[in-house]
Amino acid sequence: MSAGRREAALYLKRPEENSWLFRMVSQGSSPSLLEALSSDFLACKICLEQLRVPKTLPCLHTYCQDCLGQLAEGSHVRCPECRESVPVPPTGVAAFKSNFFVNGLLDLVKARAGGDLRAGKPACALCPLMGGASAGGPATARCLDCADDLCQACADGHRCTRQTHSHRVVDLVGYRAGWYDEEARERQAAQCPQHPGEPLRFLCQPCSQLLCRECRLDPHLDHPCLPLAEAVRARRPGLEELLAGVDSNLAELEATRLEEKEALARLREQAAKVGTQVEEAAEGVLRALLAQKQEVLGQLRAHVEAAEEAARERLGELESREQVAREAATFARRVLSLGREAEILSLEGAIAQRLQQLQRCPWMPGSAPCLLPRLELHPGLLDQQCHLLRLSFEEQQPRKASGKDGARSQGGDETQPQSRDGAPTPKQDGAQTPQEDGAQTLKAERAETPQEDGAKTPKEGRAQTPQEDGGAQSPRGGRSNKKRKFKGRLKSISREPSPAPGPNLEGSGLLPRPIFFCSFPTRMPGDKRSPRITGLCPFGSREILVADEQNRALKRFSLNGDYKGAVPVPEGCSPCSVAALQDAVAFSAGARLYLIRPDGEVQWRRALSLCQASHAVAAMPSGDRVAVSVSGHVEVYNMEGSLATRFIPGGKASRGLRALVFLTTSPQGNFVGSDWQQNSLVVCDGLGQVIGEYRGPGLHGCQPGSVSVDKKGYIFLTLREVNKVVILDPKGSLLGDFLTAYHGLEKPRVTTMVDGRYLVVSLSNGTIHVFRVRPPDS
């Protein structure tokens with residue numbers, strides 16, 4: 001691996017060291033020379049090597065000249081970072097503007113790294129000129145003005161001569177360590193490309209060209225010219241004003257992005273609250289109201305999905321614009337802070353053009369209307385001929401900085417929802433379901449309601465999107481197509497017949513209900529890939545341990561989402577399933593079972609069968625044994641790594657007929673597993689005797705997913721394909737839905753139970769939702 005690739009690899013391993021770019025732009029501070037030299041600023045983003053013949057595109061991104069030549073397609077080249085298409089000059093990529101600023105920094109880096117220290121100290125540059133050794137003596141000092149390495153004798157003489165007594169001679173070791181970078185940078189002078197050895201001293205005002213003394217005497221003799229320092233003083237305020245404008249736009253973009261995220265969070269919180277209200281209202285009625293409950297939940301789920309899809313598109317657009325503007329501002333601020341006069345003036349035109357272009361572009365799209373769902377109960381609560389549940393949606397008011405207006409917009413609207421035009425929404429009866437027989441009676445009742453005055457029916461109102469009310473049309477055709485798709489999904493869901501209740505639903509009393517607790521992402525700054533959570537388990541008091549197979553890590557989080565660090569894993573291991581024991585952690589990786597201490601020390605490892613792609617791991621209630629599923633049977637190991645017991649659910653008659661992909665244990669000592677070969681959920685005791693098994697229509701034809709058990713023995717089964725978590729009794733009989741898509745579930749992957757009353761659910765995108773399980777008797 002070359003030196004440049006090693007530097008790039010180190011940069012990727014330590015992203016926290018390069019976060020100074022974001023801090024510098026967000027806080028408006030100036031970067032230091034050490035940060036510019038130690039970051040990846042001098043590395044080409046295409047070849048990951050140190051920049052060679054750096055060329056700057058109009059978007060202010062810099063690459064090697066050869067890399068740009070390979071990237072060019074015809075007469076245009078597309079920037080790999082901001083994806084902007086740039087026309088290639090007629091003479092080729094070599095005609096792109098040379099980055100004197102980067103060249104100056106590269107010269108400083110090369111001077112510091114000059115010589116082969118492993119073969120001995122660098123040789124003195126003056127000894128051969130004075131008739132000394134042909135190779136020169138070992139150098140111990142360096143002259144910053146002459147840029148020469150000197151031996152001790154030549155360094156002493158260099159300080160005493162009349163012409164060089166004012167030169168700055170420093171220790172070579174300190175120079176190589178970077179102690180004198182600032183002084184060396186001050187003594188650097190940009191060299192004229194036409195006359196080698198001549199520094200650039202003037203700026204030709206009519207031509208906007210940097211000139212040396214020789215260039216000044218040739219074609220520019222009659223042109224008005226300014227010294228570089230004076231020219232920089234005259235032009236710096238204009239660039240700083242443009243930069244301040246971009247900084248202001250960046251602040252507005254960031255504020256808009258935060259408002260979008262807050263609106264989405266409020267929508268989810270309100271949706272979860274309304275979902276709980278729907279469940280609580282539905283618990284007081286029997287089979288006649290189940291069809292109406294499913295209809296309302298379907299509409300709410302479709303509305304949240306449509307709103308989240310629109311919000312994700314807007315957030316992606318805002319983040320993309322913010323990143324492009326931030327990178328341009330970072331480059332401009334770095335050039336103004338660290339660049340020499342010649343370097344600033346050479347890049348002035350490109351920087352000004354780019355900043356003006358960013359200021360002219362439309363920064364903030366109009367805020368999208370967000371409709372918050374609300375639940376309204378019909379006065380005839382016990383009338384079986386009417387719908388008792390109905391959803392209404394109101395436009396979400398943006399939060400304002402002033403306290404009075406914000407308080408007025410958020411308070412006082414709890415009793416009656418407002419429509420988008422500000423008028424109160426009239427009370428309406430719900431839409432008729434296919435199960436009801438009194439269709440004519442309901443139509444007559446609706447004819448007597450205030451809907452005759454032009455109000456829409458509940459179905460029409462719920463299926464309508466903001467575009468149908470005359471709102472601004474989306475500039476992208478794809479977005480409108482997606483919204484039409486979600487409208488169709490909303491209508492189709494609202495007409496689905498409600499499924500029959502589970503066998504134990506009647507007479508079972510109230511069931512455990514979810515209460516939303518918090519939500520947080522699991523991607524950390526050091527992650528190279530998006531998290532892929534394959535295992536969860538409780539870890540200590542109110543903590544969870546997350547197995548991120550994609551990043552080969554075991555991450556610790558509190559229930560509130562605070563990152564607590566990581567449990568070290570052996571090198572090369574990708575944890576799949578995980579379980580916490582007494583002062584130890586067990587996890588499966590490939591075809592091996594590991595038991596490690598919290599500090600990463602491996603206690604023991606055991607080879608497992610290769611017949612199964614992944615092995616589920618679960619801790620026994622006592623905390624001193626671990627169970628693992630292997631080829632249809634369950635093996636239990638003690639803390640010393642000895643096999644304690646082994647059994648097949650259902651006995652030897654089930655040999656070869658089981659495939660337990662997910663496994664957990666109950667506080668009562670039973671085993672609960674998802675059997676993909678039988679497509680069922682199986683409950684068995686410690687001897688393998690099957691207590692109960694469910695393979696009914698409540699699985700919706702899906703493979704059973706992750707399983708968790710609370711302190712009372714209720715089983716929570718994940719159905720990933722339909723975005724649900726269903727609840728079963730301790731014997732495996734289906735009781736009903738516990739979590740659905742309107743609770744924020746989107747492709748749930750694995751779950752775990754913490755302290756017997758917090759259900760933790762991980763999604764495929766790496767997000768974790770935490771719900772408090774409300775007991776039936778609370």
Side-chain angles (χ1 to χ4, degrees), residues 20-32 35-36 39 41-42 45 54-63 68 76-87 89 95-105 190 203 205 207-210 226 228 230-257 317-365:
W20 66 277
L21 295 177
F22 176 77
R23 295 195 306 269
M24 180 263 293
V25 173
S26 60
Q27 299 173 2
S29 60
S30 298
S32 68
E35 290 172 334
S39 69
F41 178 64
L42 300 180
K45 301 299 188 302
K55 295 292 181 179
T56 300
L57 300 179
C59 59
L60 304 185
H61 291 132
T62 303
Y63 307 99
L68 286 177
H76 286 77
V77 60
R78 185 176 294 275
C79 177
E81 295 183 69
C82 65
R83 311 305 298 168
E84 183 171 335
S85 182
V86 178
F96 280 123
K97 185 174 289 293
S98 296
N99 196 326
F100 287 108
F101 173 59
V102 173
N103 280 331
L105 297 180
L203 172 69
Q205 290 181 302
C207 304
S208 294
Q209 183 176 347
L210 298 176
L226 290 176
L228 297 185
E230 184 177 347
V232 168
R233 284 195 301 270
R235 302 197 178 196
R236 179 187 291 269
L239 292 177
E240 290 179 345
E241 183 178 357
L242 291 174
L243 182 59
V246 174
D247 286 340
S248 176
N249 289 333
L250 277 173
E252 295 177 0
L253 271 178
E254 185 176 2
T256 304
R257 177 170 55 85
E317 182 178 355
L318 288 172
E319 291 172 355
S320 175
R321 294 184 182 182
E322 181 183 0
Q323 181 181 1
V324 171
R326 192 181 302 282
E327 289 176 352
T330 300
F331 181 86
R333 181 174 286 107
R334 186 185 289 114
V335 171
L336 292 178
S337 301
L338 304 179
R340 303 287 296 168
E341 292 88 350
E343 298 165 354
I344 295 175
L345 294 174
S346 67
L347 295 175
E348 176 215 359
I351 293 176
Q353 180 181 359
R354 181 58 173 172
L355 296 181
Q356 289 173 353
Q357 178 185 0
L358 292 176
Q359 282 188 325
R360 289 194 300 266
C361 69
W363 287 95
M364 294 175 297

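These figures come from a predicted structure and were not determined experimentally.
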What residues, two or more places apart in sequence or in another chain, satisfy salt bridge (Lys or Arg N to Asp or Glu O under 4.0 Å) together with E348? R235

Residues that A352 engages under side-chain contact (heavy atoms from CB on, under 4.5 Å), provided they are two or more places apart: L239, L242

I'd like to check K45 versus P80 (side-chain heavy atoms, cut-off strictly below 4.5 Å). Are they in contact? no

Over all heavy atoms of both residues, which pair between C82 and V324 is shortest? Give the atoms and the distance, please. CB-CG2, 4.1 Å

Compare every heavy atom of A332 with every heavy atom of I351, then report the nearest pair and how far apart it is. CG2-CB, 3.7 Å

Measure the spacing between CZ of R233 and CG of L228 and express it to the nearest 0.5 Å. 11.0 Å

Note: L347 and F331 closest approach over all heavy atoms is CD1-CZ, 3.8 Å

Taking all non-hydrogen atoms of both residues, which atom of S85 and which atom of H76 are closest, and how far apart? OG-CD2, 3.5 Å

Name all residues meeting the side chain to side chain donor-acceptor pair (under 3.5 Å) criterion together with Q205; count only those two or more places apart in sequence or in a different chain, and write none if there are none. none

Nearest 0.5 angstrom please: L57 CG to R78 CZ, how far? 12.5 Å

Just by modelled atom types, is the E343 backbone N or O under 3.5 Å from a matching donor or acceptor in the S346 side chain? yes

Could you give the distance from CG (L253) to CZ (R326), rounded to the nearest 0.5 Å? 9.0 Å

To the closest 0.5 Å, what do you measure between CG (N249) and CZ (R321)? 11.0 Å

Partners meeting side-chain contact (heavy atoms from CB on, under 4.5 Å) with R236 (sequence neighbours left out): V232, E240, L336, I344

E81: side chain to side chain donor-acceptor pair (under 3.5 Å) partners, not counting sequence neighbours: Y63

Look up atom CG in L318 and atom CD in E254, then write down how far apart they are to the nearest 0.5 Å. 11.5 Å

Shortest non-hydrogen contact between A329 and V246, atoms and distance: CB-CG1, 4.2 Å

Taking every non-hydrogen atom, the tightest pair across L250 and A325: CD2-CB, 3.6 Å

Can you tell me how far the CD atom of E319 sits from the CZ atom of R257, to the nearest 0.5 Å? 6.0 Å

Could you tell me which residues satisfy side chain to side chain donor-acceptor pair (under 3.5 Å) with E84, sequence neighbours excluded, listed by chain and number? R354

